[in-house]
Amino acid sequence: MSQKPAIPKGTRDFLPEDVLKRNLIFSTISTAFNRFGFQPIETPSFELSSTLMGKYGEEGDRLIFRILNSGEKVRKADLDALASDNLPRFANSLSEKALRYDLTVPFARFVVQHQHELSFPFKRYQIQPVWRADRPQHGRYQEFYQCDGDVVGSDSLRNEVELIQVIDQVLSTLKLPGFTIKLNNRKVLSGIAEVCNASEHLIHLTVALDKLDKIGEVGVINELMGKGFEASVIDSIKPLFQLKGSFEERISFLSAFLSKSEIGMKGLEELSYIHSKFRDNPLVKGQLELDVTLARGLNYYTGAIIEVKAHEVVMGSICGGGRYDDLTGLFGLKGLSGVGISFGADRIYDIMETLELFPRDLRSGPDVLFLNFSETEADQCAIWANSVRDLGKVAEVYPSQTKLQKQLKYANEKGAKWVLFYGEEERQKGIVILKHMESGEQHTYPADAWLSSWEG
RNA sequence: GAGGUUGUAGCUCAGCAGGUUAGAGCAUCGGAUUGUGGUUCCGAAGGCCGCGGGUUCGAACCCCGUCUUCCUCCCCA
């Protein structure tokens, strides 16, 4: 009875070509981080539940994959909690570990745990998969890679500038036709709430604003009314819907709008500082945009908020990030500021696939494939193959002695550049025949010197 | 978590209003060609028609449940 092969929803297999394409993205990202002095770290796939739970809000907790206790630990199941319908507590009693949901919280844990082994400011990058029990959709998977870079222990806004440069370098190197790096600042959002007399409802206000490009002005107003905002409050934020123009124009508009809010003005100052740094040191391809509707990840961002959208495709953000003044505080280390970004490698992959941005010659076959005529000749070929490998080239000896037709078909499908014939006939004559697969041309060389005359 | 949608060969899909041995193209394997590939010709293999239950003389087709796919919301990369 054979089993039907299948994988869980929201997961994918990667064929050799897919892996090469993904590696191209990963290496581009790690190269960029390296060039800016970031160092790589890794953390375990799963953490203690207590490390993760409660860090992503109620919604996030629900999406964390939990690992069921096994063995004797199943006895810890809290049946009373189940009986009294306290499902979260029951779930906690069943599980002590969970798959990581992102790389930021484990990183915060890492920094606190290793604080005495690190020197600050600490710049790290990390490329590892994360898991979310989300409902799969276009560009959304249950297992996907995040590529994070963060700086902890430095308040300087130069870090924000640097991270924006990293984003620009990575996406430009990958030849994305265009992308917008949207910037906002939590302080500006606080300021907006302040001047609108809605400080207590900051979250509702910003979540509604965040949807502006999706549901439109009317949609946002409806949502705000649904949340019980007063008409006067809604009226006072309406001017923001019309925000247009260049970065500077938006800044000056907001300066007037937020003039009565100290915190709002501070936020604008920060945005303005960051923007000014690109005047004499421009980005390669990225377009900076001030977007006050940007509010993702509000739960821990305290300063800059960054989100990147690719042009020419319909896709969620491909990179996001921001500053969080006290992330490590959750693990007992107060006053350490951090700022970071996270690339969504899988979304970048999907975009590059639809826009056909991957280079064609990514999948390169062996430089030489030695055909297999018999045990004796194959032994000689294996020795030559090593010499070819010593030159830094890829060599392969066909493993079994089958029909040439089949061996050549294999060479063809694998994209071998050259095929080497060395059978009984060649051995007796003391020659080898090299065939160039693309042109079909064949050259004969003396068997003891072919490698030096071969131009492969 | 809510609503909708999808499921037939490895892949892309046919299959008329319930009716007998469920089809095609591509891919795979073998042969035409015993030492020469990418094109061609011939042949073979491959299906509990997502899974479970029900209606019926009879179900790929109708009904219920379940899982899966894709989409919208929620949320996010």
Side-chain angles (χ1 to χ4, degrees), chain A residues 1-13 15 25 29 56-64 87 100-104 127-148 167 203 207-208 210-211 214-215 219 223 294-299 306-310 314-322 340-351 365 369 371-374 377 398 401-427 433-442:
Chain A
M1 191 62 127
S2 75
Q3 190 188 338
K4 196 166 190 176
I7 54 175
K9 66 173 174 181
T11 64
R12 296 154 296 165
D13 281 327
L15 271 59
I25 295 174
I29 292 172
Y56 308 100
E58 209 174 305
E59 189 69 26
D61 279 4
R62 209 184 67 207
L63 299 179
I64 292 174
L87 295 182
R100 64 168 169 249
Y101 176 88
D102 71 358
L103 300 179
T104 307
I127 299 178
Q128 291 191 275
V130 303
W131 294 268
R132 294 184 188 178
D134 206 354
R135 186 159 295 210
Q137 245 179 72
H138 179 57
R140 305 174 73 158
Y141 307 97
Q142 294 204 334
E143 178 183 62
F144 61 97
Y145 269 78
Q146 283 195 333
C147 311
D148 277 28
I167 294 171
I203 306 256
V207 165
D210 192 48
K211 294 180 188 164
K214 208 168 180 180
I215 59 179
E223 170 140 351
L294 196 64
R296 301 298 166 92
L298 196 71
N299 41 349
I306 303 167
E307 185 173 289
V308 183
K309 285 265 197 179
V314 180
M315 176 73 75
S317 69
I318 52 175
C319 183
I341 53 170
S342 176
F343 289 94
D346 299 85
R347 285 188 176 174
I348 295 173
Y349 179 97
D350 288 349
I351 287 172
L369 178 83
L371 299 181
N372 189 329
F373 291 87
S374 81
E377 285 98 21
Y398 197 85
Q401 183 194 334
T402 55
K403 293 201 299 186
L404 273 202
Q405 186 184 217
K406 199 171 174 184
Q407 299 194 33
L408 279 159
K409 201 175 170 194
Y410 174 84
N412 194 49
E413 276 161 12
K414 204 143 179 211
K417 287 192 190 72
W418 295 86
V419 161
L420 188 141
F421 291 71
Y422 183 69
E424 197 185 344
E425 209 177 294
E426 286 81 6
R427 184 165 50 83
I433 296 171
L434 271 163
K435 179 187 176 93
H436 187 249
M437 287 302 280
E438 203 178 312
S439 64
E441 279 174 35
Q442 301 194 168

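In the text below, chain A, chain B and the rest are named by the order of the sequence lines, each starting its count at 1.
- Helical stems of RNA chain B (runs of at least 3 Watson-Crick or G-U pairs, donor-acceptor distances under 3.5 Å) are listed by first residue: B:1-4 with B:70-73, B:10-13 with B:23-26, B:28-32 with B:40-44, B:50-54 with B:62-66.
- rU34(B) and rU39(B) are spaced 23 Å apart, taking the C1' atom of each and rounding to whole Å.
- Contacts of E377(A) with the nucleic acid, taken as non-hydrogen atoms under 4.0 Å apart, are absent.
- E377(A) and R427(A) make their closest contact through OE2-NE, 2.9 Å (heavy atoms, listed as atom of the first residue, atom of the second, distance).
- Between A345(A) and I25(A), the closest heavy-atom pair is O-CD1, 4.0 Å.
- Closest approach to the Q442(A) side chain among rA77(B), rG35(B), rU36(B) is made by rU36(B) (side chain taken as heavy atoms from C-beta onward).
- If you take atom P in rA44(B) and the same atom in rG1(B), they sit 50 Å apart, rounded to whole Å.
- The residue F421(A) sits close to a base: some heavy atom pair falls under 4.0 Å.
- Side-chain contact between Y145(A) and D346(A) is present, with heavy atoms from C-beta onward closer than 4.5 Å.
- With rounding to the nearest 0.5 angstrom, the CD1 atom of I348(A) is 5.0 Å from the CD1 atom of I29(A).
- The distance from atom CG of L63(A) to atom P of rA77(B) is 11 Å, rounded to the nearest whole Å.
- Comparing the C1' positions of rG52(B) and rG10(B) gives a spacing of 26 Å, expressed to the nearest Å.
- The nearest whole Å value for the distance from the OH atom in Y398(A) to the C1' atom in rU36(B) is 14 Å.
- Taking atom P in both rA45(B) and rC62(B), the straight-line distance is 32 Å, to the nearest Å.
- Applying the 5.5 angstrom centroid cut-off and the 30 degree plane-angle cut-off, the aromatic ring of F373(A) is not stacked upon the base of rG35(B).
- Across rA77(B), rG30(B), rG35(B), the shortest atom-to-atom separation from the side chain of R347(A) is found for rA77(B).
- Of all non-hydrogen atoms in E223(A) and A208(A), the two that sit nearest each other are CG-CB, 3.9 Å.
- Judged by atom type and distance alone, Q401(A) does not reach the base of rG35(B) through any side-chain donor-acceptor pair under 3.5 Å.
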Polar atom pairs (N or O), protein with nucleotides 68-72 of chain B, under 3.5 Å:
| from | atom 1 | to | atom 2 | distance (Å) |
| --- | --- | --- | --- | --- |
| rC71(B) | OP2 | H138(A) | N | 2.6 |
| rU72(B) | OP2 | Q137(A) | OE1 | 3.1 |

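- Here rG1(B) is the nucleotide among rG35(B), rG30(B), rG1(B) with the atom lying nearest to any side-chain atom of R62(A).
- The separation of rA9(B) from rA27(B), taken at their C1' atoms, amounts to 11 Å, rounded to a whole angstrom.
- Partners of F373(A) under the ring pair (Phe, Tyr, Trp, His ring centres under 6.0 Å) rule, at least two apart in sequence or in another chain, do not exist in this structure.
- Contact between M315(A) and I351(A) at its shortest, heavy atoms only, is CG-CD1, 3.9 Å.
- Distance M315(A) CE to rC76(B) P: 18 Å, rounded to the nearest Å.
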Can you check side chain to side chain contact (heavy atoms under 4.5 Å, CB included) on I341(A) and V308(A), steps first, answer last?
-> CA-CA 10 Å; I341(A) 53 170; V308(A) 183; over 6 Å; no

Using a 4.0 Å cut-off on protein heavy atoms (strictly under), produce a 5'-to-3' string for nucleotides 37-42 of chain B with B for base contact, S for backbone-only sugar-phosphate contact, and - for none.
-> BB----

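- Looking at R347(A), its side chain never comes within 3.5 Å of a backbone N or O of I318(A) through a donor-acceptor pair.
- Across the P atoms, rC11(B) and rC49(B) are found 15 Å apart, a figure rounded to whole Å.
- With both ends at atom P, the span from rU66(B) to rA22(B) equals 31 Å, rounded to whole Å.
- Straight-line distance from the NZ atom of K406(A) to the P atom of rU34(B): 16 Å, rounded to whole Å.
- At rG31(B), one or more side-chain N or O atoms of K403(A) fall inside 4.0 Å of OP1 or OP2 (strictly under the cut-off).
- F343(A) comes within contact range of no nucleotide atom at all, as no heavy-atom separation falls under 4.0 Å.
- A heavy-atom distance below 4.5 Å is found between the side chains of Y56(A) and D102(A).
- Looking at heavy-atom distances under 4.0 Å, I318(A) makes contact with sugar-phosphate atoms alone, never a base.
- As rounded to the nearest Å, rA60(B) and rG47(B) have C1' atoms that lie 11 Å from one another.
- Taking atom CD on E425(A) and atom C1' on rU34(B), their separation rounds to 14 Å, with Å as the unit.
- When the nearest nucleotides of RNA chain B are assigned to Y422(A) and Q142(A) by heavy-atom distance, the more 5′-ward of the two goes with Y422(A).
- Rounded to a whole Å, the CD atom of E424(A) is 18 Å from the P atom of rU34(B).
- Rounded to whole angstrom, the span from the CD1 atom of I341(A) across to the P atom of rA77(B) amounts to 13 Å.
- Every residue two or more places apart in sequence or in another chain was checked for a ring pair (Phe, Tyr, Trp, His ring centres under 6.0 Å) with F144(A), and none qualifies.
- Rounded to a whole Å, the CG atom of D134(A) is 14 Å from the C1' atom of rA2(B).
- Residues in residues 131-140 of chain A take part in these salt bridge (Lys or Arg N to Asp or Glu O under 4.0 Å) pairs, two or more places apart or across chains: D134(A)-R140(A).
- Residue contacts shown for K309(A) are absent, as no nucleic acid heavy atom lies under 4.0 Å away.
- Considering all non-hydrogen atoms of both residues, Q128(A) and R100(A) come closest at CB-NH2, 3.1 Å.
- The base of rA77(B) sits within donor-acceptor range of the side chain of R132(A), with an N or O pair under 3.5 Å.
- Residue A416(A) comes nearest to L369(A) through the heavy atom pair CB-CB, 4.1 Å, listed as atom of the first residue, atom of the second, then distance.
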